Amino acid sequence: MSELFEVSEEAAEAIREKKAVVALESTIISHGMPYPQNVETALRVEAQVRSHGAVPATIAVIKGRIKVGLSADEIEYIGKEGGRTVKCSRRDLPFVAAKRLNGALTVAGTMICADMAGIRIFATGGIGGVHRGGELSMDVSADLEELARTEVAVFCAGCKSILDIGRTLEYLETKGVAVIGYGTDVMPAFYTSNSPFKVPMRLDSPDEIARFISVKRELGMGGGCVIANPVPYEFSMDEDIINAAIDEALEHCRAKGITGKEITPFLLAEVKDITGGDSLEANIGLVLNNAALAADTAAAMERMA
Ligand code: PSU
Ligand code: MN
């Protein structure tokens, strides 16, 4: 424990004793969903992790201090602060800490802090990727570089087609990042279980995923991996409806001249507004589903240790 970094007692004990722990991100709370559904969801996700036999550790920066394992009050605080917190990726983390600001961590930011704490498993909604037109704009999420470098397994529902899914997969291949379809051969597209792209590999049980993560670690190659877990059928959206909403959101983004780190939160909020909240329900359903798989895998790793 230090002025800069604190791990909750519960998480610290679990990490020490090699018990199952699942890291959870905070940008999804602050920038990904509106208040109060964001806080409600974050607490439900924690409960989901617990009911699947693991300790949850939601991570954020509060007044400059990295906190691994937020309390319910701290989750409420970050949720209420919402867009006033700084969306914090690798680039932003030291600045936010030095200025004693509140930071909500992206997938990249959460991977960094989970790794500092010794947590190997992380559940979220969707990862960032190569944006559409990224071959010219060079807008590629720092999440992809982090996956190449930091040894944390990221459980997600793939990536949204606000991104260029094909180029995102190409980038991950170049960087040597395994993308594993859970019970599927197809790369899921967040709101839908389907996309025109195949995943390079597939595993079908938490035990298999646990073994993969352990073997990868034993080989000492470093770097993360993606477990792409399709949205459950009952929460998945109609492909035509969601694609039309995404096209409209991208149009608004271009028209308003949004750039840089604002792009992803803007598109997420637009898609939610255009679909009249249906996308929010899908979002909540898939995050809970990812938390369950991540916790089951962490529990399987605990048994193997
Ligand atoms: N995609 C989603 N939901 C999210 C994000 C992405 O479907 O909440 C957030 C995550 O925190 C992710 C970040 O790490 O956006 C990526 O932002 P950028 O493209 O600016 O790297
Ligand atoms: Mn970007």
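In each ligand, atom 1 is the first atom listed, and ligand 1 is the first ligand listed. Keep in mind it's a predicted model, so treat the numbers as computed, not measured.
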Discussion item. Which of the numbered atoms in ligand 1 are under 4.0 angstrom from any heavy atom belonging to K87?
Written reply: 17 (O), 18 (P), 20 (O)
Practice prompt. Considering heavy atoms of the protein only, find what lies nearest to atom 5 (C) of ligand 1 and give residue, atom and distance to 0.1 Å.
Written response: L268 CD1, 4.0 Å
Worksheet item: Considering distance alone, does some N or O of S141 sit under 3.5 Å from an N or O of ligand 1?
Response: yes
Fill in: Side-chain donor-acceptor contact under 3.5 Å, T150 with E146
yes
Response to the item:
When distances are taken from atom 7 (O) of ligand 1, the protein heavy atom at minimum range is K160 NZ, 2.2 Å
Fill in: N, O or S atom within D139 nearest to the Mn ion (ligand 2), by name
OD1
Worksheet item: Are side-chain heavy atoms of T124 and T110 found at a separation under 4.5 Å?
Response: no
Fill in: Side chain to side chain, S30 and N38, heavy atoms closer than 4.5 Å
no
Discussion item. Using a 4.0 Å cut-off to any heavy atom of F190, which atoms of ligand 1 qualify?
Written reply: 7 (O)
Worksheet item: Heavy atom under 4.0 Å from ligand 1: found in V107's side chain, backbone, both, or neither?
Response: both
Discussion item. Need the ligand 1 atom indices (1-based, order shown) with element for anything under 4.0 Å from a heavy-atom of G126.
Written reply: 1 (N), 2 (C), 6 (C)
Worksheet item: Which of the atoms of ligand 1 are close to E25, meaning less than 4.0 Å from one of its heavy atoms?
Response: 10 (C), 11 (O)
Discussion item. Just to check, does H31 reach to within less than 4.0 Å of ligand 1 when the distance is taken from its heavy atoms?
Written reply: no
Item to complete: Number the atoms of ligand 1 from 1 as they appear, then name those within less than 4.0 Å of a heavy atom of D143, with their elements.
Response: 12 (C), 14 (O), 16 (C)
Discussion item. Quick check on the hydrophobic clustering: are L268 and V271 connected, directly or via other members, by side-chain heavy-atom contacts under 4.5 Å?
Written reply: yes
Discussion item. So, taking the atom named CZ in F235 and the one named CG in N283, what distance separates them when rounded to the nearest 0.5 Å?
Written reply: 11.5 Å
Discussion item. With a 4.5 Å cut-off on side-chain heavy atoms, are L267 and K160 touching?
Written reply: no
Discussion item. Side chain or backbone, does I127 bring an N or O within less than 3.5 Å of an N or O on ligand 1?
Written reply: no
Worksheet item: Under 4.0 Å from any heavy atom of H131, which atoms of ligand 1 are there?
Response: 19 (O)
Fill in: From I263 atom CD1 to L163 atom CG, the distance as rounded to the nearest 0.5 Å
10.0 Å
Worksheet item: Quick one: do the Y182 and E208 side chains pair a donor with an acceptor below 3.5 Å?
Response: no
Discussion item. I need the nearest protein heavy-atom contact for atom 15 (O) of ligand 1: residue, atom name and distance, please.
Written reply: T264 CG2, 3.5 Å
Discussion item. Can you see whether E76 engages Y35 through a side-chain donor-acceptor pair at a distance of less than 3.5 angstrom?
Written reply: yes
